Colleague: 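Below you will find the structure I want to go over with you.
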Amino acid sequence: MLGRSFAAAAAFACALSTAGTAAAQQTLAAVKARGQLVCGINSSVPGFSLPDSRGEWQGLDTELCRGLAVAIFNDRSKVRFQPLSSSTRFTALGSGEVDVLFRTSTQTMLRDTTLGLRHATTYFFDGHGFMVRANSGVAKASDMRGATICLVQGTTNEQVTADYFRSIDTPFQPVLFERTDQAAAALQAGRCDAFGTDASSLAGVRSAMPNPKEWTVLPERFSKEPYGAYVRRDDAQWFDVVRWYTTAVIEAEEQGVTSANAERMRRDSPNPNTRRLLGVTPELGEALKLDRNWAFNVVKALGNYGEMYNRTMGPDTPVGLERGPNEIWTRGGLLYALPMR
Ligand SMILES: N[C@@H](CCC(=O)N[C@@H](CS)C(=O)NCC(=O)O)C(=O)O
């Protein structure tokens with residue numbers, strides 16, 4: 001008995017010290033030594049991260065996690081997904097429970113400056129919206145005087161909703177939930193008049209409702225919700241990896257590199273930008289302490305940003321979202337990869 005509890009205590013202390021080391025400039029080394037990336041995700045948002053009928057995680061956030069595993073290990077399976085609630089995600093990252101968050105997390109000044117964390121590149125542009133019953137007669141948010149509104153705790157959406165109704169001097173009743181699926185069930189059951197969260201998540205939730213046509217996402221947007229990956233603040237090298245990995249997925253789309261043509265582009269492209277990106281020349285890999293083929297491996301295995309987007313939430317999926325702002329800047333969107341040289 002004693003022996004076993006001592007072993008358990010030792011294992012716990014060991015886990016703590018591993019987490020401690022991982023926090024200081026060593027996340028990449030710790031991930032490599034562990035043989036696996038631990039990625040913090042949300043658990044119930046169609047289009048971003050949701051298990052399919054075979055229990056496989058599907059969504060843009062989970063694809064980005066897999067891609068980061070490929071950049072490090074050239075193996076998409078070397079990632080463990082850790083679902084985290086909105087209110088615990090940042091403490092879980094800070095304590096070393098996960099290496100990175102790809103978790104529908106809006107980048108804000110106070111999150112960036114006060115949590116001991118850092119956010120990386122914007123990979124998704126969203127805005128807060130409301131979903132109501134299609135036959136509710138509500139056409140705009142200001143029609144919802146005194147309404148009961150389902151919200152998820154620990155989100156920007158809680159504050160955005162309160163700020164909006166205060167700004168128009170209109171009362172409303174918030175009802176808070178830990179998870180999105182709970183808020184969606186409450187909406188379906190009539191416990192609230194509206195669900196307020198990021199509009200893309202609302203599209204995902206709507207697509208998973210028993211009858212999506214019964215629900216409308218109001219057209220107004222009440223905030224900017226730019227998503228970025230988050231990492232711990234004290235590890236600049238890991239920040240570089242996550243930042244430039246995310247950039248590379250977007251840059252590949254800008255350059256027209258796809259899973260289907262990556263092999264040929266690497267062999268034949270005379271473009272120095274493409275040759276650098278795909279590791280024909282070694283400097284980008286050297287800068288991140290990754291294999292020179294890291295970005296090539298990612299695109300070959302999972303595709304560029306657009307391929308990931310179209311597979312997980314694009315117009316041909318049940319979520320059915322047009323690219324909109326999440327299109328490359330040369331085609332009218334906001335995605336703009338910083339130069340990779
Ligand atoms: N972008 C907002 C909201 C992110 C968020 O956590 N959204 C909720 C509501 S859609 C969510 O992802 N829940 C995930 C879950 O319940 O698994 C933020 O960063 O606070």
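Nothing here was measured: the structure is a model prediction, and the numbers come from that model. Whatever order the structure lists ligands and atoms in, that order sets their numbers, starting from 1.
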Colleague: Parallel, tilted or perpendicular, judged at 30° and 60°: which one describes the rings of Y227 and Y123?
Modeller: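 Aromatic pair Y227/Y123 classed perpendicular.
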Colleague: Per the side-chain contact (heavy atoms from CB on, under 4.5 Å) rule, which among T258, N271, V280, L278 passes with M265?
Modeller: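 The passing option is L278.
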Colleague: Let me see the working for R232 and D235 under salt bridge (charged side-chain N to carboxylate O under 4.0 Å, His left out), right down to the final yes or no.
Modeller: CA-CA 6 Å; R232 286 177 290 277; D235 192 339; 5.9 Å; no
Colleague: Report yes or no: is the cationic atom of R103 (NZ for Lys, CZ for Arg) under 6.0 Å from the centre of the six-membered ring of Y230, at an angle within 45° of the ring normal?
Modeller: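 Judged by the rule (NZ or CZ under 6.0 Å from the ring centre, within 45° of its axis), R103 is not positioned above Y230.
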Colleague: Between E220 and K140, is the closest basic N to carboxylate O distance under 4.0 Å?
Modeller: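 Looking at E220 together with K140, the answer is no, because their closest N to O distance does not fall below 4.0 Å.
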Colleague: Heavy-atom cut-off of under 4.0 Å around ligand 1: list whichever protein residues fall inside it, by chain and number.
Modeller: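 Within 4.0 Å of ligand 1, the protein residues are N42, S43, S44, V45, S86, R89, R103, T104, S105, T106, R111, V152, T155, T156, N157, R179, T180, T197, D198, S201, E225, Y227.
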Colleague: Any salt bridge between D99 and R34, counting N to O under 4.0 Å?
Modeller: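 Looking at R34 together with D99, the answer is yes, because their closest N to O distance falls below 4.0 Å.
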